[in-house]
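Chain A is the first sequence line, chain B the second, and so forth, proteins listed ahead of strands; every chain is numbered from 1.
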Amino acid sequence: MPELPEVETVARGLSELLVGRRFTAVHIRWPRTVVQPEAERFAQELVGREIRSVGRRGKYVVMGLDRGCLLIHLKMSGRLSVEPAGDPVDGHTHTLFDLDDGFQLRFRDVRKFGRVYLVQEMDQVTGILGPEPLAEDLTLEGFAALLARRSGRLKALLLNQTFLAGLGNIYADESLFAAGLHPLRKANSLTAEEQARLYHAIRGVLSRAVDGRGTTLEDRGYVDATGQPGSYQTRIAVYGRTGEPCAVCGAAIERIVVGGRSTHYCPRCQA
DNA sequence: AAAGCACCCTGTACGC
DNA sequence: TGCGTACAGGGTGCTT
């Protein structure tokens with residue numbers, strides 16, 4: 001559920017709380033959370049390292065350490081928070097990182113899909129990701145060239161992290177709506193004008209969602225590192241609105257399945 | 001290269 | 001009331 005805007009918001013919040021702190025111990029209650037290195041070594045090797053930066057690449061939270069880096073993927077239901085080490089621990093909190101100031105970085109993850117990595121270079125994990133949608137160096141020309149060499153359907157492509165990093169189901173649907181493009185359109189069939197619409201739609205939607213500190217839908221419970229919900233849910237046009245009238249044209253929003261993911265779109269605005 | 005699907009998980013919704 | 005079952009979703013990996 002957390003996509004680029006949510007991960008960005010979490011990372012910014014953690015940065016305030018964690019930069020300069022040092023890990024003093026690591027407690028792993030669900031070892032499968034740890035991908036690399038193996039859980040016991042992960043815990044041992046992290047002790048004593050200092051957090052120099054907290055940022056984001058795609059949907060990964062990336063912590064630069066004095067040696068190597070720690071990456072965390074929240075997947076569906078992961079939440080990160082910083083709490084006093086003595087506070088009660090919820091049953092879904094599977095990984096806890098003791099800090100040198102008496103606080104604890106806690107990784108709570110109801111569905112247990114979330115993953116953590118400790119590596120020398122972040123590219124060992126993020127190297128396969130596509131470009132950052134909001135990066136200045138992703139130009140319209142560059143993006144158009146990427147689209148032109150893909151024959152797949154737009155929705156599937158936007159969800160493909162090796163094509164573009166950071167979009168998930170919500171912002172892929174919202175971007176396609178903002179661009180006025182049907183999710184089943186083939187990427188290499190877009191006119192130059194449509195390529196431009198998609199480029200600006202993705203960047204606009206993501207920028208506004210970052211400004212709004214992410215999307216918190218009623219049925220999921222995204223919150224940032226300080227427990228605050230986002231506000232972008234008030235601006236969602238199509239995601240999860242099957243059957244509701246389109247705010248632009250009034251047509252009923254439709255739902256189809258693309259690449260095994262539910263996809264919401266306006267049949268009139270996105271013809 | 002594209003697309004379909006199983007898998008990993010669990011809370012929630014729904015049918016009986 | 002309570003049970004069983006389907007489903008959602010990010011990403012990987014396997015198969016077609």
Side-chain angles (χ1 to χ4, degrees), chain A residues 1-8 10-11 28-36 39 56-62 71-80 90-95 107-117 119 122-130 132-133 145-176 182-190 206 209 214-223 230 233 236 238-243 253-264:
Chain A
M1 157 75 193
E3 308 179 27
L4 186 154
E6 290 77 28
V7 179
E8 179 69 29
V10 167
I28 298 163
R29 300 181 169 187
W30 182 257
R32 298 186 68 158
T33 302
V34 181
V35 178
Q36 199 183 335
R56 176 196 61 76
R57 171 77 172 99
K59 300 178 196 171
Y60 291 85
V61 174
V62 180
L71 290 95
I72 301 174
H73 199 301
L74 303 173
K75 290 286 180 86
M76 294 289 303
S77 57
R79 285 188 197 185
L80 289 167
D90 166 270
H92 294 300
T93 301
H94 309 302
T95 315
F107 186 18
R108 177 180 188 271
D109 186 11
V110 171
R111 302 242 164 106
K112 296 179 173 174
F113 285 1
R115 294 291 181 261
V116 300
Y117 311 72
V119 290
M122 83 167 185
D123 276 2
Q124 291 172 248
V125 178
T126 61
I128 59 163
L129 295 179
E132 283 292 320
L146 292 177
L147 283 173
R149 68 173 89 116
R150 293 302 200 113
S151 61
R153 308 178 291 201
L154 285 177
K155 175 63 187 286
L157 201 54
L158 294 187
L159 291 178
N160 182 345
Q161 302 299 298
T162 68
F163 175 75
L164 192 64
L167 286 181
N169 217 24
I170 296 176
Y171 298 113
D173 282 1
E174 294 302 309
S175 296
L176 287 171
H182 194 287
L184 295 181
R185 281 289 299 279
K186 306 288 176 145
N188 59 8
S189 79
L190 301 196
L206 290 176
T215 299
T216 299
L217 297 173
E218 303 134 17
D219 52 334
R220 330 244 170 96
Y222 160 76
V223 291
Q233 59 278 6
I236 293 291
V238 290
Y239 183 83
R241 308 206 135 191
T242 312
I253 302 301
E254 290 186 5
R255 176 186 181 276
I256 57 175
V257 175
V258 185
R261 295 287 174 258
S262 63
T263 298
H264 315 77

Expressed as a whole number of angstroms, how long is the span from [X]:[atom1] to [N]:[atom2]?
X       : N       : atom1 : atom2 : value
N160(A) : dA1(B)  : CG    : C1'   : 11 Å
H73(A)  : dG11(C) : NE2   : P     : 4 Å
R32(A)  : dC9(B)  : CZ    : C1'   : 9 Å
L159(A) : dC5(B)  : CG    : P     : 16 Å

Need one value for [X]: base, sugar-phosphate or nothing, where a base atom within 4.0 Å counts as base even if backbone is also close, heavy atoms only.
X       : value
R255(A) : sugar-phosphate
S77(A)  : nothing
K155(A) : nothing
G260(A) : nothing

**Request:** Using the test ring-ring contact (aromatic ring centres under 6.0 Å, His included), find all partners of Y171(A) that sit at least two apart in sequence or belong to another chain.
**Result:**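 With neighbours one apart ignored, the set is Y232(A).
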
**Message:** Between E6(A) (side chain only) and T215(A) (backbone N and O only), is there a donor and an acceptor less than 3.5 Å apart?
**Reply:** yes

**Asked** Given dC9(B), dT12(C), dA8(C), which nucleotide is nearest the side-chain atoms of K112(A)?
**Response** dC9(B)

**Prompt:** In terms of side-chain heavy atoms of E3(A), which of dG11(C), dG10(C), dA2(B) is nearest?
**Reply:** dG10(C)

Any side-chain N or O of [X] less than 4.0 Å from the OP1 or OP2 oxygen of [N]?
X       : N      : result
S151(A) : dA1(B) : no
Y239(A) : dA8(C) : no
R153(A) : dG4(B) : yes
R261(A) : dC5(B) : no

**Request:** Evaluate whether the aromatic ring of F113(A) and the six-membered ring of the dG10(C) base sit under 5.5 Å apart, centre to centre, with an inclination under 30°.
**Result:** yes

**Prompt:** Toward the 5' end of DNA chain C, which comes first, R111(A) or V125(A), by nearest nucleotide?
**Reply:**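 Taking each residue's closest nucleotide, the earlier one in sequence belongs to R111(A).
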
So which protein nitrogen or oxygen atoms get under 3.5 Å of nucleotides 14-16 of chain C's nitrogens or oxygens?
none

**Asked** Between atom CD of E174(A) and atom CG of L158(A), what is the distance when rounded to the nearest 0.5 Å?
**Response** 12.5 Å

